[in-house]
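The analysis underlying the following values was restricted to heavy atoms, covering all of them including side chains, and did not include hydrogens, waters or symmetry mates. Numbers restart at 1 for each chain; the letters A, B, ... are given by sequence-line order, proteins then strands.
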Number of protein chains: 2
Amino acid sequence: MADRDREHLLLHLAVDLAILTVREDVLQVLVIERDNQPYRGQEALPGGFLRQGEDLLSAAERELAEETGLDGKALHLEQVAAYGAPDRDPRDRTVSVAYLAIAPDLPIPVAGSDARSAHWAPIGQVIGKLAFDHSTILADAVERARERLELTTVAAAFCGEPFTIGDLRKVYEAVWGMPLDPRNFNRKVANTEGFVLPTGARRVPETGRPATLYRRGPAQKLSPPLMRHSAAF
Amino acid sequence: MADRDREHLLLHLAVDLAILTVREDVLQVLVIERDNQPYRGQEALPGGFLRQGEDLLSAAERELAEETGLDGKALHLEQVAAYGAPDRDPRDRTVSVAYLAIAPDLPIPVAGSDARSAHWAPIGQVIGKLAFDHSTILADAVERARERLELTTVAAAFCGEPFTIGDLRKVYEAVWGMPLDPRNFNRKVANTEGFVLPTGARRVPETGRPATLYRRGPAQKLSPPLMRHSAAF
DNA sequence: ACAAAAGTGTTCAATTTACACCCATGG
DNA sequence: CCATGGGTGTAAATTGAACACTTTTGT
């Protein structure tokens with residue numbers, strides 16, 4: 001870090017959230033409708049400004065709680081990247097740090113204190129249409145989520161506990177946008193040490209054989225990884 | 001992005017670089033010795049502040065050129081993460097965006113305009129001893145580099161062109177900190193479409209059979225990945 | 001001839017893939 | 001009994017790990 005010219009640039013620092021969930025077998029993101037200029041009436045990712053004495057992750061957790069009423073520590077929350085194009089906010093110079101949050105299918109889309117109209121929208125329906133550079137941020141966050149499903153056990157964070165292996169498979173299919181063989185998927189997950197733990201209970205579906213219910217296991221990383229071969233939007 | 005309270009926090013934005021190379025079969029990082037407080041005399045990662053009208057990547061390229069005299073566009077340069085702990089800089093509130101740069105073994109450690117004493121140091125020799133939170137940044141950058149070697153063809157960015165497959169293997173061994181089977185490695189690289197392209201020429205080593213020389217191929221991603229099983233520092 | 005690094009061949013085990021087949025339930 | 005989703009079995013193909021062996025140079 002240089003020491004000369006400490007007077008350089010002062011700027012705002014925003015934290016924006018790509019909160020993803022799987023609803024009705026489709027990958028969706030929480031968006032808000034902007035009620036101020038610029039981009040008034042357009043959809044955007046929820047976010048806010050970093051406060052005095054606050055860490056980046058703490059700011060992300062606070063925003064998440066404000067928008068969804070959920071405890072950030074309970075959800076998967078990870079930094080994606082920082083975005084700093086000089087003109088990304090037409091008002092002031094603002095650098096934004098984007099976070100990816102993974103939420104189970106919530107009964108309430110928004111229970112937060114924030115009065116703005118927030119709602120879930122399928123990725124394909126909003127990507128390319130968001131305010132600021134939020135479409136880029138969303139695309140990066142979705143790509144990150146896809147990678148994480150290959151290499152880690154976070155897919156379970158999309159499921160409310162307890163869940164079935166079929167639920168988990170639908171998460172993979174929605175996020176990767178491709179069908180998977182239910183039989184091989186079942187074995188793969190069940191045989192990966194620490195991915196899921198059986199609860200002993202079963203769930204009876206509308207039709208078909210009851211499925212074993214599981215909770216998340218202690219494993220964080222998948223080795224060997226669960227691989228996708230090609231993906232579609 | 002919230003609109004209320006746009007007056008919130010104004011802060012400095014730094015861009016810090018973890019410039020990695022492999023020298024003498026060891027993974028090394030470019031560090032500078034600080035000649036101002038705080039952390040005077042201690043080693044730190046090179047970096048500087050974001051300027052008016054400048055993108056984050058442009059700032060990283062500029063800093064890279066200032067420190068090494070190299071063209072940032074010619075090297076592999078990717079964002080690692082943003083760091084924003086409130087007390088990470090004891091002077092002002094500063095958020096830093098860290099970049100990972102991968103350089104071939106340069107004849108000149110530093111040819112930059114910057115007069116500060118910069119030099120290469122083995123990772124293990126400086127990690128835990130750097131100023132600010134730079135040890136954390138460096139650890140994250142090294143982990144990122146290790147992942148990239150598994151999944152992408154960036155290892156070639158550590159080699160000056162042309163290079164032999166043996167050169168490439170030494171990069172993997174240095175970055176991962178583990179020996180690899182030269183015979184299987186050779187086949188793996190040669191059979192991965194677009195990883196390396198033979199130049200037709202050969203290089204005669206001090207001793208042993210001459211090795212075919214290669215350039216980087218067009219492939220960016222490795223599929224299937226080249227996997228490490230465990231790593232050591 | 002020997003040492004050393006490059007590169008090929010081969011074998012065995014592990015993994016992936018595709019798909020047949022059985023299980024358990026509601027209608 | 002049928003439809004539906006859960007789950008096991010299994011055989012073929014692919015991949016990975018280990019290592020014997022050949023090639024090509026300098027000394």
Side-chain angles (χ1 to χ4, degrees), chain A residues 22 24-25 149-151 155 159 162-174 176 178-193 195-215 219 221-230, chain B residues 22 24-25 149-151 155 159 162-174 176 178-193 195-215 221-231:
Chain A
V22 173
E24 293 155 17
D25 298 343
L149 257 54
E150 287 191 320
L151 302 166
C159 300
F163 54 86
T164 69
I165 295 190
D167 294 339
L168 203 57
R169 179 170 45 82
K170 282 178 180 167
V171 166
Y172 274 89
E173 292 179 331
W176 285 352
M178 59 182 357
L180 298 174
D181 185 311
R183 299 160 294 188
N184 291 336
F185 183 85
N186 211 305
R187 225 185 325 242
K188 182 95 184 184
V189 171
N191 294 343
T192 299
E193 186 83 16
F195 193 171
V196 293
L197 299 173
T199 63
R202 288 164 173 278
R203 176 193 294 166
V204 265
E206 291 181 21
T207 171
R209 172 177 170 175
T212 312
L213 287 166
Y214 295 87
R215 274 187 229 296
K221 295 190 178 172
L222 287 178
S223 53
L226 245 157
M227 300 245 282
R228 61 182 157 145
H229 303 284
S230 58
Chain B
V22 174
E24 294 155 15
D25 297 344
L149 258 54
E150 288 192 317
L151 302 166
C159 300
F163 53 87
T164 68
I165 295 191
D167 294 339
L168 203 55
R169 179 171 46 81
K170 281 178 180 168
V171 167
Y172 274 89
E173 292 178 331
W176 286 352
M178 60 184 354
L180 297 174
D181 185 313
R183 299 159 295 183
N184 291 336
F185 184 86
N186 212 306
R187 223 185 328 241
K188 182 95 186 184
V189 170
N191 294 344
T192 298
E193 186 83 14
F195 192 171
V196 294
L197 299 173
T199 64
R202 290 165 169 277
R203 176 192 296 166
V204 256
E206 292 182 18
T207 172
R209 172 179 171 175
T212 311
L213 286 166
Y214 296 86
R215 273 187 232 294
K221 294 190 180 176
L222 288 177
S223 52
L226 247 156
M227 301 244 283
R228 63 183 153 144
H229 302 283
S230 57

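- Contact annotation for B:Arg169: backbone-only contact, meaning every heavy-atom pair under 4.0 Å involves sugar-phosphate atoms and none involves a base.
- In this entry the distance linking CG of B:Asn191 with P of C:dG9 reads 11 Å, nearest Å.
- Along DNA chain C, the nucleotide nearest to B:Gly208 and the one nearest to A:Met227 differ in position, and the one closer to the 5' end is contacted by B:Gly208.
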Enumerate all atom pairs, one protein N or O and one N or O from nucleotides 20-23 of chain C, separated by less than 3.5 Å.
unit_1	atom_1	unit_2	atom_2	d
C:dA20	N7	A:Arg183	NH1	3.2
C:dA20	N6	A:Arg183	NH1	3.4
C:dC23	O4'	A:Arg209	NH1	3.3
C:dC23	O2	A:Arg209	NH1	3.3

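- No option in B:Leu180, B:Asp181, B:Leu226 other than B:Leu226 meets the side-chain contact (heavy atoms from CB on, under 4.5 Å) test with B:Lys188.
- Between A:Pro225 and B:Ala190, the residue anchored nearer the 5' end of DNA chain C, judged by the nucleotide with its closest heavy atom, is B:Ala190.
- Take the nearest nucleotide of DNA chain D for B:Val204 and for A:Thr207: the residue whose nucleotide is more 5' is A:Thr207.
- Projected onto DNA chain D by closest heavy-atom contact, A:Asp167 and B:Glu206 fall at different nucleotides, the more 5' of which corresponds to A:Asp167.
- Evaluation of atom-type donor-acceptor distances gives a pair under 3.5 Å for the side chain of B:Arg187 against the base of C:dG9.
- If you check C:dC19, C:dG7, D:dA17 against the side chain of A:Asp181, the one that comes closest is C:dC19.
- Here D:dG16 presents its C1' atom at 15 Å from CZ of B:Phe185, a figure rounded to the nearest Å.
- Residue A:Asn186 places at least one side-chain N or O closer than 4.0 Å to OP1 or OP2 of D:dG7.
- In this structure, CG of A:Asn184 is placed 14 Å from C1' of D:dG6, rounded to the nearest angstrom.
- Distances shorter than 4.0 Å separate some side-chain N or O of A:Thr212 from OP1 or OP2 on D:dG7.
- Across the protein-nucleic acid pair, B:Lys188 atom NZ and D:dA18 atom P stand 14 Å apart, rounded to whole Å.
- The CG atom of A:Leu226 sits 13 Å away from the C1' atom of C:dT15 (whole-angstrom rounding).
- Proximity of a side-chain donor or acceptor of B:Tyr214 to a complementary backbone N or O of B:Ile165 within less than 3.5 Å is not detected.
- Among the heavy atoms of the strands, none lies under 4.0 Å from A:Pro205.
- The only option from B:Leu213, B:Thr199, B:Leu168, B:Val171 that meets the side-chain contact (heavy atoms from CB on, under 4.5 Å) definition with B:Phe163 turns out to be B:Leu168.
- Using modelled atom types, one finds no donor on one side chain facing an acceptor on the other under 3.5 Å when comparing B:Arg183 with B:Asn186.
- Look at CG on A:Leu213: it is 9 Å from P on D:dG7, rounded to the nearest Å.
- When rounded to the nearest whole Å, the span between CG of B:Leu180 and C1' of D:dA18 equals 14 Å.
- Contact annotation for A:Arg203: no contact, since no heavy-atom pair falls under 4.0 Å across all strands.
- Distance CZ/B:Phe185 to CD/B:Glu173: 8.0 Å, rounded to 0.5 Å.
- With values rounded to the nearest 0.5 angstrom, B:Lys170 atom NZ is found 5.0 Å from B:Asp25 atom CG.
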Discussion item. Does B:Arg203 form a side chain to side chain contact (heavy atoms under 4.5 Å, CB included) with B:Asp167? I'd like the steps, not just the answer.
Written reply: CA-CA 11 Å; B:Arg203 176 192 296 166; B:Asp167 294 339; 2.8 Å; yes
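- Closest heavy-atom contact between B:Pro210 and B:Pro205: CA-CD, 3.8 Å.
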